[in-house]
*Asks:* 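Here it is, the structure in full.
What you are looking at is a predicted structure, and each value in this text was computed from that prediction instead of being measured. Values reported hereafter were calculated over all heavy atoms of this structure, with side chains retained and with hydrogens, waters and symmetry mates removed. Heads up: numbering here begins at 1 and tracks the sequence.
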Amino acid sequence: MDITIHTTALPHDDPDASLAFYRDTLGMEVRSDVGQGRMRWITVGPVGRPGTSILLAPPAADPGITEDERRTIAEMMAKGTYGWILLATRDLDATFEKVRAGDAEVVQEPTEQPYGIRDCAFRDPAGNLIRIQEVR
């Protein structure tokens with residue numbers, strides 16, 4: 001089998017703030033931006049890697065979600081426990097400093113983990129946990 005990850009989704013509650021974080025702070029390119037107001041679906045991805053994307057989507061847009069589920073999602077997003085993603089870089093220290101300079105909420109500074117990786121963590125504007133691992 002030949003399977004790869006094409007797109008993963010993260011929720012957003014402020015498309016402009018999310019766009020600024022992923023485009024300006026993380027340096028990703030915008031692949032598409034459709035919708036209007038808070039109901040926008042924004043696809044971003046690493047420059048030069050068109051086969052891998054992150055879809056930033058309004059979580060309340062799914063017609064199959066009940067009002068109770070919408071409230072639960074909003075509560076989890078507010079606490080930062082709803083969405084997360086692992087990214088990777090060859091220069092963790094430089095990446096950490098760039099993201100921190102972009103006023104992202106620092107969750108963890110670069111740390112050598114006991115399970116063999118070195119990483120750091122931030123929260124994006126929607127509260128999603130962004131862990132960035134160092135590629136060795």
*Asks:* Quick check: do Ile130 and Trp84 have side-chain heavy atoms less than 4.5 Å from each other?
*Replies:*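 SC-SC contact between Ile130 and Trp84 ruled out.
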*Asks:* Starting from the C-alpha separation in whole Å, work towards a yes-or-no answer on side-chain contact (heavy atoms from CB on, under 4.5 Å) for Gln113 and Gln108.
*Replies:* CA-CA 11 Å; Gln113 300 293 353; Gln108 180 184 39; 3.2 Å; yes
*Asks:* Is the closest side-chain donor-acceptor distance between Asn128 and Tyr82 under 3.5 Å?
*Replies:*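 No donor-acceptor contact under 3.5 Å links the two side chains.
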*Asks:* To the nearest 0.5 angstrom, please state how far the CG atom of Leu92 sits from the CG atom of Asp119.
*Replies:* 7.0 Å
*Asks:* Looking only at non-hydrogen atoms, find the nearest pair between Ile73 and Pro59 and report the distance.
*Replies:* CG2-CB, 3.7 Å
*Asks:* May I ask you to decide if Arg40's main-chain N or O and His12's side chain share a donor-acceptor pair within less than 3.5 Å?
*Replies:* yes
*Asks:* Following the transitive rule for hydrophobic clusters with a side-chain heavy-atom cut-off under 4.5 Å over Ile, Leu, Val, Met, Phe, Trp and Tyr, establish whether Ile85 and Phe96 coincide in one cluster.
*Replies:*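 Per the 4.5 Å side-chain linkage, Ile85 and Phe96 are co-clustered.
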*Asks:* Which atoms form the tightest heavy-atom contact between Arg31 and Thr52, and what is the distance?
*Replies:* NH1-O, 2.9 Å
*Asks:* Do the non-hydrogen side-chain atoms of Asp33 and Leu19 ever get within less than 4.5 Å of each other?
*Replies:*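 With C-beta onward as the side chain, the pair touches.
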*Asks:* For the atom pair CD (Glu97) and CD (Glu109), what is the distance rounded to the nearest 0.5 Å?
*Replies:* 8.0 Å
*Asks:* Give the cluster check for Leu26 versus Val47: same hydrophobic cluster or not, with ILVMFWY residues linked at side-chain heavy-atom distances below 4.5 Å.
*Replies:*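 Cluster IDs for Leu26 and Val47 differ.
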*Asks:* Would you call Asp93 and Pro110 a side-chain contact if the rule is heavy atoms closer than 4.5 Å?
*Replies:* yes
*Asks:* Could you tell me which non-hydrogen atom of Ala17 sits nearest to which non-hydrogen atom of Pro125, and how far apart they are?
*Replies:*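 Heavy atoms only, the tightest pair is O-CG, 3.4 Å.
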*Asks:* For the backbone of Thr25 and the side chain of Lys98, can you confirm whether one donor and one acceptor N or O come within less than 3.5 Å of each other?
*Replies:* yes
*Asks:* Would Arg38 and Asp13 count as a side-chain contact (heavy atoms from CB on, under 4.5 Å) if you check the C-alpha gap in whole Å, the side-chain angles of each, and the deciding distance to 0.1 Å?
*Replies:* CA-CA 7 Å; Arg38 295 178 84 73; Asp13 52 7; 4.1 Å; yes
*Asks:* Under 3.5 Å, is there a donor on one side chain and an acceptor on the other for Thr72 and Glu69?
*Replies:* no
*Asks:* Considering only heavy atoms from C-beta outward, does the side chain of Asp124 approach that of Tyr22 to under 4.5 Å?
*Replies:* yes
*Asks:* Once rounded to the nearest 0.5 Å, what's the spacing between atom CD1 of Ile42 and atom OG of Ser18?
*Replies:* 6.5 Å
*Asks:* Heavy-atom distance under 4.5 Å between the side chains of Arg118 and Arg136, does that happen here?
*Replies:*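 Yes. Closest side-chain heavy atoms under 4.5 Å.
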*Asks:* Just wondering, are more than 12 heavy atoms of other shown residues or ligands nearer than 6.0 Å to CD in Glu112?
*Replies:* yes
*Asks:* Write down the atom of Val135, the atom of Arg90, and the distance for their closest heavy-atom approach.
*Replies:* CG1-NH1, 3.3 Å
*Asks:* Decide whether Ile132 and Phe21 are clustered together by the hydrophobic rule: side chain heavy atoms of Ile, Leu, Val, Met, Phe, Trp, Tyr closer than 4.5 Å, transitively.
*Replies:*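 Yes.
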*Asks:* At their closest point, which heavy atom of Ala121 faces which heavy atom of Leu129, and how far apart are they?
*Replies:*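 Heavy atoms only, the tightest pair is CB-CD1, 4.0 Å.
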*Asks:* Could you see if Leu55 belongs to whatever hydrophobic cluster contains Ile65? Use Ile, Leu, Val, Met, Phe, Trp, Tyr and a side-chain cutoff under 4.5 Å.
*Replies:*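 Each belongs to a different hydrophobic cluster.
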*Asks:* Once you round to the nearest 0.5 Å, how far does CD of Glu134 lie from OG1 of Thr95?
*Replies:*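 Separation between the atoms: 9.0 Å.
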*Asks:* Quick one: does Val107's side chain get under 4.5 Å of Phe122's, heavy atoms only?
*Replies:*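 The answer is no; the side chains never approach within 4.5 Å.
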*Asks:* Quick one, Leu87 and Arg131 - any side-chain contact, counting heavy atoms below 4.5 Å?
*Replies:* no
*Asks:* Supply the atom-to-atom distance Arg71 CZ to Glu75 CD, rounded to the nearest 0.5 angstrom.
*Replies:*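 Interatomic distance, Arg71 CZ to Glu75 CD, rounded to 0.5 Å: 8.0 Å.
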*Asks:* Is the closest side-chain heavy-atom distance between Thr43 and Val30 below 4.5 Å?
*Replies:* no
*Asks:* Please give me the minimum heavy-atom distance between Gly83 and Pro11, naming the atom from each residue.
*Replies:*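 Where Gly83 meets Pro11 most closely, the heavy atoms are CA-CD, 4.4 Å.
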